[in-house]
Structures are given as structure tokens and as C-alpha cells.
Amino acid sequence: MVTRRQLLAASAAGGAAVLVPAGGAAGRALAAVAPLDAGEIPKYVVPLRIPPAMPAVTTSPERDEYVIAVRQFRQQILPPSWPRTTVWGYGSTAHPGSFGYPAPTIMARVGRPVRVTWVNQLVDGRGDYLPHLLPVDPTLHWANPPGGPAGRDRHGHWDGDPQGYRGPVPQVVHLHGGHSPQESDGHSEAWYLPVARDLPSDFALTGSTYREFRSRFAEASGLRWAPGSATFEYANDQRSCTLWYHDHSLGLTRENVYAGPAGFYLLGGGDDLPEGVLPGPTPARNDPPNVRYHDIPLLIQDRSFTADGDLLYPDARSSHGDVPPLWTSGFSGSAIVVNGRTWPTLTVQRRRYRFRLLNGCNSRFLLLSVAAHATARPARPVLPVWQIGSDGGFLPEPVPHERVTLGPAQRVDAIVDFTDVPAGTELYLVNEGPDWAYAGGRPGVDFDPADPHTTGQVLRFVVTDATGADSSVPPEQLRLPSHSRLGPAQRVRRLSLNERRSGGSMIMLLGVLDERGRGLPLRWSDPVTEQPTLGDTEVWEVRNFTRHVHPVHLHQVQFELLGRGHSGRSLPGPGDRGRLDTVLAYPWEVTRIKAHFDLPGRYAWHCHLLEHEDNEMMRPLNVLPRGGAAAGDGGSPTGAVVPETVSTDAG
């Protein structure tokens with residue numbers, strides 16, 4: 001039997017001779033880590049990196065197939081004269097040069113299935129497992145491989161080592177916003193360890209739902225998952241939209257995603273407008289070199305670094321009772337990274353561009369605008385950001401914004417028109433969101449905006465003359481595809497976002513309402529309360545009893561926002577009138593959404609502030625076959641149409 005102490009010693013010895021650099025601040029004594037002053041990082045000295053299309057393994061009349069692994073490597077995130085950074089990222093196993101942070105974009109088509117074998121290759125050149133780049137808190141309710149099959153997916157133990165858990169790292173990939181069957185959803189308890197020669201014999205190699213989902217997939221497809229991997233199939237039976245994929249391991253999402261594994265999944269076709277109406281092209285497989293792209297995904301994240309270029313993440317150790325020794329309730333990085341580079345420059349022509357904006361931060365909210373001055377606050381927008389879509393596809397009509405609000409995991413499909421901007425002009429994508437927790441309101445009035453010299457800047461645009469005609473339609477003239485609204489709801493659920501003090505820290509929890517309308521907090525392991533019946537449409541009334549805005553994400557569905565405010569009846573803004581999979585729930589308000597559940601099985605709903613998600617702000621979402629058990633959450637069935645709009649409640 002391998003003991004905990006022997007495991008730590010073995011991982012330390014293995015890390016001394018690995019061929020793939022162990023890297024990361026967690027690999028050294030935490031007291032010796034020197035943070036890098038983000039104000040010293042030169043801005044706008046490197047071009048924006050546009051992720052290429054992910055190479056497919058095979059394409060057939062039935063589907064596209066990929067084999068995609070997560071690996072560890074070094075990448076130039078800071079400017080070229082600065083040290084490279086050890087990160088994790090996805091790439092095609094058949095194309096070693098494809099690995100990157102962010103990963104290549106999976107280009108999919110509506111109605112054409114995509115099958116991906118996801119492989120955990122977090123091993124070194126000798127085949128030994130690689131420990132995490134960051135300190136891992138084993139006391140949370142997490143994957144817990146050292147617990148063995150009987151103790152996995154539970155709270156673990158901390159033996160006092162300042163680096164926390166140093167064993168093999170679980171992985172499982174979630175297609176965020178995808179309409180996926182349960183066995184392909186990336187359930188947090190369906191994780192798997194890499195195939196490594198030094199895996200401890202008493203460790204659990206997979207999560208508690210892995211075997212069940214492996215069997216379901218084999219029954220449906222005739223394929224069996226290989227060790228250290230999982231094969232998922234995405235039917236792509238939803239609207240064209242901007243999705244993304246990232247790790248979703250139980251209790252490790254914040255640190256796994258922070259290490260780098262994330263990429264875009266662009267679903268085209270279906271209700272797309274005719275070619276040439278919207279700016280394009282976007283990267284495609286087998287593109288020749290030097291293609292000029294006018295449809296550009298932008299993954300915006302905040303990161304902190306050490307003076308050696310390693311990723312830096314707080315450990316927030318505490319001696320207060322049951323407060324986790326390494327977990328922190330929120331994170332704000334000191335530098336902005338776009339598509340894997342700090343403060344890059346994008347050269348644009350005098351024409352229209354389509355930007356797929358994605359907030360990939362752990363906890364930071366972004367308030368984005370295009371300004372002529374990088375540091376002037378309040379920022380004075382000089383070009384509108386025309387929103388044409390949200391998480392789940394096109395809006396009913398284009399919406400001009402001076403400032404776009406994006407919570408973590410949210411996407412905005414936008415057009416920016418540079419046609420009338422003189423060549424030689426420099427413009428800036430700036431951020432006026434706060435550097436700490438977001439509670440809503442206006443920058444400079446209700447909260448201090450991000451530091452204008454660092455996290456208040458995102459990207460520089462340098463405008464040049466156009467080299468060809470722009471056939472795209474001006475955004476104010478676009479006619480977007482129309483879609484029907486969801487039908488009547490069969491049930492209303494009343495749910496809650498809650499704060500609870502634990503030791504010296506505040507823990508956030510999801511829950512239901514009790515008979516007096518108060519929040520009843522529940523943990524991931526508590527009995528399931530959200531159990532819609534297959535084929536039903538439900539209204540969820542989510543009451544936020546906390547002081548902060550929470551981005552609430554439901555797996556499986558793209559839902560409609562019905563209303564906000566103290567009663568939940570205030571009309572949503574025009575940018576929120578499309579389909580969503582992540583909605584902002586504001587403090588002391590009710591957020592009302594409507595969703596249709598048409599796939600059976602086990603899913604989840606959670607706050608997408610990753611530090612909250614990893615420490616109990618996630619709940620099971622089980623879709624039952626007809627005739628299943630009652631909901632058990634105080635929700636009430638209704639035969640009437642649930643009112644979607646009313647009122648003058650200003651919220």
C-alpha cells in the first residue's frame with residue numbers, strides 16, 4: 001500500500017527529472033515565489049494569436065472524428081523577451097504541433113455529429129504522471145483519487161504539506177452550452193486519470209460515474225472507452241452558435257481551467273445567414289498560410305505570473321477550523337490575456353469584423369468598450385459594439401452597445417465596424433469591470449473600475465486601409481433569423497443562491513426556498529431536488545440572497561430569460577433576449593428563466609465563478625423519465641401559461 005507521504009516523495013522525485021517541465025509556482029516553496037508586477041509587462045508588442053481549426057482524424061458521411069489530448073508544454077504568453085510559461089492545453093494527438101493555449105477551435109456544422117476521444121496525457125517523457133501546476137486543496141468535495149473507489153468524489157484530507165495534493169490530475173471535458181446526452185456531457189464525477197507507469201495502486205483511476213457512462217456510450221455506439229480517455233459524441237442538433245470546451249473535474253475546475261485547457265467550438269450552418277452577409281472568414285481546417293480572418297474568436301482571461309514566468313494562483317491558507325487551507329473564494333489576476341497572449345495587438349482593415357467574445361476568467365466580470373484612449377476613465381466609447389448573438393445563437397435583432405457586460409463563461413457574438421475609421425488610428429478594447437467581486441451597477445459610480453494601466457486594458461486595434469471590398473451587411477441593416485419562443489411551462493421551481501459563514505470564510509451555496517421563502521442551502525452531496533420530467537418545460541425562479549452577481553449555468557439546455565428584479569418581472573434587456581446557457585443573477589433579485597428538458601439523465605447546474613463552483617455552489621440536475629419521482633423542491637406544477645413579462649418593477 002502506498003502511503004500519502006510516500007506519494008508526495010515519489011512525485012517530488014519524479015518531478016526532478018521529467019522531460020516535460022514540471023513548472024508552476026506550486027513546484028517550489030510557496031514562500032519563495034516572487035509575483036511579477038503586471039505594470040512592468042510591455043503592452044501591444046505582439047500580434048493577437050488566432051487559434052487555428054482543430055485537425056480532424058477522419059471525416060465521413062456520418063460524422064467528423066477527433067482524438068484530442070491535454071498535455072503540458074511551455075508557451076510564450078508574456079512578450080518574447082520574457083520567460084515562457086508552463087501551461088496545459090488541448091491538441092490533436094495526430095498533429096503534435098497543434099497543441100496550444102487556447103486550444104485549436106473545433107469547427108462543427110448543425111446536424112452533423114462530432115465524435116471526440118478526449119485523452120488525459122498529463123504525463124512526462126518517461127510516462128510518469130505530472131502533478132498539478134498549482135496548489136490543490138484536497139479538503140474540498142473533489143475528485144479525490146487517493147480515496148480509492150470507496151472514497152472518490154468526496155472530501156479528502158490534508159496532511160499539512162503546503163503544496164497540497166501532488167498526485168496525478170483528473171480530467172473530464174465539458175462542451176459548455178452543448179445539447180449533449182448525459183454520457184457525453186462531461187459530468188464532474190466522470191473524470192479519469194492519465195495512463196502512467198507510476199499510478200499508486202490504491203488510487204481510484206476514474207470518477208464514480210465514469211463506468212456507467214462508458215457502458216451507456218458502448219451500448220449506443222459499440223465503442224468502449226480506452227483507459228485514460230473518454231469518447232463523447234455531440235449531435236449538434238441546436239442553433240448555430242459559439243460554444244466552448246473546458247475541463248470540468250469535480251472540485252478542480254478552477255485550477256484545471258486556469259492552467260490552460262480551453263478552446264472554442266463554433267457551430268455553423270443551420271440558421272446561419274447566407275455567406276458574405278456577416279464578416280468572414282473564420283479559421284477552417286487546411287487553411288493556407290496568411291489567410292486574413294474577419295470572424296475572430298477572442299478568449300479573454302486574467303492571469304498572474306511569477307517573476308520566472310510561471311502561472312501564479314493564490315493558496316489562501318487559513319488556520320480557522322474547517323476553512324480549506326488552500327481554497328480561495330475568488331480570483332482576480334493582475335494581467336489580461338487574450339487568446340494566450342498578454343495585451344496583444346490586432347491589425348484591422350477599414351471594414352467590418354465579427355468577434356466571438358468569451359469571458360474565460362475564473363471570477364472576473366468584464367465591461368468592454370472600444371475607446372480611443374487606453375487609460376482615460378471613464379472610458380468614452382468611440383465605436384458601438386453591435387451584438388448579434390448570445391450564448392445560444394442569434395438575437396431577434398442586432399443591438400448596439402456602448403459597453404458590453406460579460407460574466408464568466410458568457411459569450412457575445414458581436415460586429416465592430418471600422419469602415420469609417422482613418423487608417424493609422426489606434427483604438428483599444430478596454431475593461432471597466434471591477435478588479436474584485438462584482439455586485440452590478442456603473443463603473444466609477446457604484447464601484448471602482450479595473451486598474452486602467454493593467455486589467456483595464458484588453459486589446460489594441462491598429463486600423464489600416466482595406467485591401468478589398470467588404471460584402472458584409474452593415475449591422476444596423478441586418479435581418480437576423482427569427483425563432484419561436486418556448487411553450488407553456490409545466491412547473492415553477494423556486495431556488496436560491498446563499499451565503500453561509502464557515503469558520504472565518506463565507507461559503508456560497510445553491511439551494512431551494514423553504515416554506516417561508518427563505519433560502520435553504522444545499523451541497524453537491526445532498527439529495528437531488530432539481531428533477532424535471534423528460535419533455536417538460538419549466539420556469540426557474542432563482543432568488544439571490546448574496547451580495548454578489550453570480551453567473552448561473554445549466555447543463556444540457558439553452559434557456560430564455562423571462563425577467564429580473566425584486567419580483568423577477570422586469571423585462572430583460574435587448575441583449576438578453578436570445579437563448580442563454582449562463583445568466584447573471586444580481587444581488588437580492590429574482591432571476592426568472594424558462595428551459596425545456598428533452599434529454600434524460602444526470603447533469604448539473606452551478607455558479608460559473610469557478611472558485612464557487614469548486615466549493616459546493618453546484619447541484620445535480622437529473623432529468624427523469626415520465627412517471628419519475630416528484631420534484632421534492634417545493635416547486636409547483638401548473639397547467640397554465642406562466643407569465644413571461646409584466647410590469648414596472650425596476651429591480
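Note: E397 CD to R577 CZ = 8.0 Å, rounded to the nearest 0.5 Å. In this structure, CG in L534 is found 8.0 Å from NE2 in H596, a value given to the nearest 0.5 Å. Separation of atoms CG (L495) and CG (N544) is listed at 12.0 Å; rounding is to 0.5 Å. The CG atom of L250 sits 7.5 Å away from atom CG of D614, with the distance rounded to the nearest 0.5 Å. For the atom pair CZ (R303) and OG1 (T455), the distance works out to 14.0 Å, reported to the nearest 0.5 Å. In this structure, the separation between CG on N362 and CG on L610 is 4.5 Å, given to the nearest 0.5 Å.
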> Between F305 and T342, does a side-chain contact (heavy atoms from CB on, under 4.5 Å) hold up when you go through it step by step?
Replying inline: CA-CA 11 Å; F305 301 90; T342 52; 4.0 Å; yes

>> With side chain to side chain donor-acceptor pair (under 3.5 Å) as the criterion, how do Q410 and T582 come out once you've worked through the C-alpha distance, each side chain's angles and the decisive distance to 0.1 Å?
In response: CA-CA 6 Å; Q410 289 190 306; T582 306; over 6 Å; no

> What do the steps show when you test R403 against E432 for salt bridge (Lys or Arg N to Asp or Glu O under 4.0 Å), and what is the final call?
Replying inline: CA-CA 9 Å; R403 182 187 297 120; E432 292 181 278; 3.2 Å; yes

> Should V370 and V385 be marked as a side-chain contact (heavy atoms from CB on, under 4.5 Å) after you check the CA-CA gap, both sets of side-chain angles, and the distance that decides it?
Replying inline: CA-CA 8 Å; V370 179; V385 177; 4.1 Å; yes

> Please walk me through it: do R356 and L298 pass side-chain contact (heavy atoms from CB on, under 4.5 Å)?
Replying inline: CA-CA 6 Å; R356 317 291 187 108; L298 296 177; over 6 Å; no

> Hey, mind stepping through R494 and R543 against side-chain contact (heavy atoms from CB on, under 4.5 Å) and telling me if it holds?
Replying inline: CA-CA 8 Å; R494 297 177 175 88; R543 185 175 293 275; over 6 Å; no

>> Assess the residue pair Y165 and W142 against the criterion (ring-ring contact (aromatic ring centres under 6.0 Å, His included)); give the C-alpha distance rounded to whole Å, side-chain angles, the decisive distance to 0.1 Å, and a yes or no.
In response: CA-CA 11 Å; Y165 170 76; W142 74 299; 4.9 Å; yes

>> ring-ring contact (aromatic ring centres under 6.0 Å, His included), that's the test. Do Y313 and Y258 meet it? Break it down for me.
In response: CA-CA 9 Å; Y313 184 85; Y258 189 83; 5.3 Å; yes

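Note on ring orientation: taking the six-membered ring where Trp is involved, the planes of H176 and W244 are tilted (angle from 30° to 60°). In this structure, H606 and H553 have perpendicular ring planes: the angle between them is above 60°, well past the 30° mark. Below 30°, between 30° and 60°, or above 60°: for H132 and W88 the angle between ring planes is between 30° and 60°, a tilted geometry. Relative ring orientation between H155 and H141 is described as tilted, the plane-to-plane angle lying within the 30° to 60° band. Aromatic ring pairs are classed by plane angle as parallel below 30°, tilted from 30° to 60° and perpendicular above 60°; the pair H612 and H550 is tilted. The aromatic rings of Y438 and F365 lie tilted to each other, with the angle between the two planes from 30° to 60°.
The shortest side-chain heavy-atom distance between N498 and L510 does not fall under the 4.5 Å cut-off. Here the side chains of Q556 and F597 are in contact, with some heavy-atom distance below 4.5 Å. By the 4.5 Å heavy-atom criterion applied to side chains, W191 and D153 are counted as neighbours. Counting heavy atoms from C-beta outward, D435 and D448 have side chains that stay 4.5 Å or more apart. D413 has its side chain out of reach of S390: every pair of non-hydrogen atoms, C-beta onward, lies at least 4.5 Å apart. Residues E255 and W327 fail the side-chain proximity criterion, which asks for heavy atoms closer than 4.5 Å. The closest side-chain heavy-atom distance from S329 to N615 is not below 4.5 Å.
Around the CG atom of D514, the shell of radius 6.0 Å holds more than 12 heavy atoms that belong to other residues, nucleotides or ligands. In E476, the CD atom is crowded: over 12 heavy atoms of neighbouring residues, nucleotides or ligands sit closer than 6.0 Å.
For H179 and H555, the distance between ring centers is not under 6.0 angstrom. Residues W436 and F447 keep their aromatic ring centres 6.0 Å or farther apart. When ring centroids are compared, F461 and F355 come within the 6.0 Å threshold.
Q457 places a side-chain N or O within donor-acceptor distance of the main-chain N or O of P452, the cut-off being under 3.5 Å. Side-chain N or O atoms of T546 include one that pairs as donor or acceptor with a backbone N or O of H548 at under 3.5 Å. Put simply, the side chain of S496 gets close to the backbone of V512: a donor and an acceptor are under 3.5 Å apart. A donor-acceptor pair is defined here as one N or O able to donate and one able to accept, closer than 3.5 Å; no such pair exists between the side chain of K594 and the backbone of R485. Distance alone, capped at 3.5 Å, places no donor-acceptor pair between the N431 side chain and the G456 backbone. Although no hydrogens or angles enter the test, the distance criterion places a donor-acceptor pair under 3.5 Å between the side chain of Q301 and the main chain of G360. Between the side chain of R354 and the backbone N or O of P297, no donor-acceptor pair lies under 3.5 Å. Judged by distance alone, with hydrogens and angles left aside, the side-chain atoms of D185 form no donor-acceptor pair with the main-chain N or O of S180 at under 3.5 Å.
Using modelled atom types, one finds no donor on one side chain facing an acceptor on the other under 3.5 Å when comparing E402 with S369. T253 and N256 are not linked by any side-chain donor-acceptor pair at a separation below 3.5 angstrom, with hydrogens and angles left out of the test. A side-chain donor from one of E189 and W524 sits under 3.5 Å from a side-chain acceptor of the other. Between the side chains of D391 and Q558, no donor-acceptor pair is found at a separation under 3.5 Å.
Salt-bridge check for R547 with E499: passed, with a basic side-chain N closer than 4.0 Å to an acidic carboxylate O. Between R411 and D581 there is a salt bridge, since a side-chain N of the basic residue sits under 4.0 Å from a carboxylate O of the acidic one. R619 has no carboxylate O lying under 4.0 Å from a charged side-chain N of D526, or vice versa, which leaves the two without a salt bridge. Salt bridge annotation for R592-E541: present, with a cationic side-chain nitrogen under 4.0 angstrom from a carboxylate oxygen. Of the charged side-chain nitrogens involved, at least one lies within less than 4.0 Å of a carboxylate oxygen, so that R579 and E560 count as a salt-bridged pair. Salt-bridge formation is not detected for the pair D536/R491: no Lys NZ or Arg NE/NH1/NH2 atom is positioned less than 4.0 Å from an Asp or Glu carboxylate oxygen. For the pair E616 and R523, the salt-bridge criterion is met [side-chain N within less than 4.0 Å of a carboxylate O]. Ion pairing between R493 and E530 fails under the 4.0 Å rule for side-chain N and carboxylate O.
For the side-chain contact (heavy atoms from CB on, under 4.5 Å) with V549, the qualifying choice from L584, L497, T405 is L584, the only one to do so.
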